Structure formats: structure tokens, C-alpha cells
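Heads up: the structure comes next, in C-alpha cells.
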Amino acid sequence: MATTPSTRPQNPKQLAPPPPVDLEGQTNQALEQEVEVVDFSKRARWLRAAVLGANDGLLSTASLMMGVGAVHRDVKTMAITGMAGLIAGARSMAIGELVSVYSQYDIEVAEIKREDRNEALGAEEMDSRKEKLPSPWQAAGASALAFAVGALVPILAAVFIKEYKVRVAVVIVAVSVALFGFGGLSAVLGKARVVKSASRVLLGGWLAMGITFGLTKLIGSTGL
């Protein structure tokens, strides 16, 4: 027995072809997200290095001022000591960072040239890798600036106060607040516990200033 074909219309949803998959678009989006993650990670490392540099400037300059202030109590001596520490420390940080990053830069450039001789890299890829290399002069300037910013905290806290005991107290308070802040910011960037890390930095700073003050006071009392 012959059967007649069904004249019932079919569901248009079943007949519609599947939407095209934009593989190229998905790949580009994934690459953009990867670049954003890399750039954010690089910025976080730079920021954390700057925070650590500022912390070094803060603590070393404050300890130097407290040590000299234990023997010479006038505000001029403490201020000049702080400025000397700022200049010497910033210069030392800049030179050290310049030498370190230049060494890293030379190693990276030699590796790129070696891969280029082996034809492992294309011209565009080689140029792209060279552009991503760290700048030694930029790193040196950033380190010096970060150290100077940290060193200015105890200097500015002391330079306008003539009374010795009040000056020392203000310096300790200002440095303590800055130490806790720098320690907390460094912990956030390093994804560590903020209060614990900041408290550790604060206690270390108190210990450094206390030891410097005590030993300098002891040496000064001997008449050397």
C-alpha cells in the first residue's frame, strides 16, 4: 500500500543551520586575556619592587637619623644626616639596579641572538621580544625615586621640630605608620596576610631603629 508523504510543515528551528564558530575571534580573545594577565603581573612586580625600595629608604634613613640623633640632638644635624642618607642611598640603589638589570638585559639579548642564528625566531618575534626587555635606566631611576620617597618621611617629620624629645617621638610615629602602610601594600601585592606581614615589617623597623639608637648612644658615651 503506497503512503503519501506528510504535508505537515517541519519545525524551522530544526532546519536552521548551526551558527558558525568564530575560532579566530576566540583565539584572539584568549590571547588578549593572556596579554592582560602578563601585563598586570609585570606591573605588580614593578610596584612591589617600588614599595620595597621605599621601605628601604624609610628604614635606613630613619635608623641613621635616630643613631646620629642619639649623640647630637640638634635638628640641623639630624636633618643633614637624613639628607646624606637619602642621597647616598638613592645613588647606591640606582647603581645597583642599573648593574643588575644591565646584566639581565645582556643575557636576554645574547639568548635572542643565539636563537636568531639558529633560525628559531622570526624577525617580528625577535623585535617583539627585544621590546619586552627591561630598561636598565628606567629600573635605576625607579629604584632611586622609590628610595628617596621613603627617605623623605623621617626627614620631613623631624626638620620642623626643635624640641628633641618631641622630634624623636614624631619621627617614630611617622615612620611606624609608613612602615605599616608599606608592609601592608607589599603583602597585598604578594597575596599574603596583610596584618601579619605589616606587623612583621613594623616590628623589624622598631628593632632596627632601637639597635642603631642604642649602639650609637653607647659608642658616643665612651668619648670616641
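Given the structure is predicted, the values throughout are model-derived calculations rather than measurements.
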Solution key, residues 176-188 side-chain donor-acceptor pairs under 3.5 Å, sequence neighbours excluded:
unit_1 : atom_1 : unit_2 : atom_2 : d
Ser176 : OG     : Ile172 : O      : 2.6
Ser176 : OG     : Trp206 : NE1    : 2.8

Report, one line per pair, each donor and acceptor closer than 3.5 Å where one atom sits in a side chain of residues 77-100; sequence neighbours left out.
unit_1 : atom_1 : unit_2 : atom_2 : d
Thr77  : OG1    : Asp74  : OD1    : 2.8
Thr77  : OG1    : Asp74  : OD2    : 2.6
Thr81  : OG1    : Thr77  : O      : 2.7

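Summarising the geometry of Gly69 relative to Tyr164, their closest heavy-atom pair is O-OH, 3.0 Å, with the distance given to 0.1 Å. Here the closest non-hydrogen pair linking Leu59 and Ala208 is CD1-CB, 4.1 Å. Considering all non-hydrogen atoms of both residues, Val101 and Ala139 come closest at CG2-CB, 3.7 Å. Counting all heavy atoms, side chain and backbone alike, Thr61 lies closest to Gly57 at OG1-O, 2.8 Å. In terms of heavy atoms, Met65 sits closest to Ala158 at CE-CB, 3.7 Å.
The hydrophobic cluster containing Val68 does not contain Leu58, counting ILVMFWY residues as joined when their side-chain heavy atoms lie under 4.5 angstrom apart, directly or transitively. Both Val201 and Val153 are part of a single hydrophobic cluster, where members link through side-chain heavy atoms under 4.5 Å apart. Both Leu203 and Phe213 belong to a single network of hydrophobic side chains, linked directly or stepwise wherever heavy atoms of I, L, V, M, F, W or Y lie under 4.5 Å apart.
In terms of the side-chain hydrogen bond (donor to acceptor under 3.5 Å, both in side chains) criterion, residue partners of Tyr102 (sequence neighbours excluded) are, by chain and number, Trp137.
A distance of 10.0 Å separates CZ of Arg193 from CZ of Arg200, quoted to the nearest 0.5 Å. A distance of 10.5 Å separates CZ of Phe147 from CG of Leu152, quoted to the nearest 0.5 Å. Atom NZ of residue Lys165 and atom CZ of residue Arg73 lie 7.0 Å apart, to the nearest 0.5 angstrom. For the atom pair OG (Ser63) and CG (Leu215), the distance works out to 11.5 Å, reported to the nearest 0.5 Å. Rounding to the nearest 0.5 angstrom, the gap separating the CD atom in Gln104 from the CD atom in Glu108 is 6.0 Å.
With hydrogens and angles ignored, the 3.5 Å screen pairs no side-chain donor or acceptor of Ser143 with any backbone N or O of Ala140.
Of the options Ile211, Thr216, Val171, a side chain to side chain contact (heavy atoms under 4.5 Å, CB included) to Met66 is made by Val171 and by none of the others.
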Full working for side chain to side chain contact (heavy atoms under 4.5 Å, CB included) between Val71 and Lys217
CA-CA 6 Å; Val71 181; Lys217 187 76 171 178; 5.7 Å; no

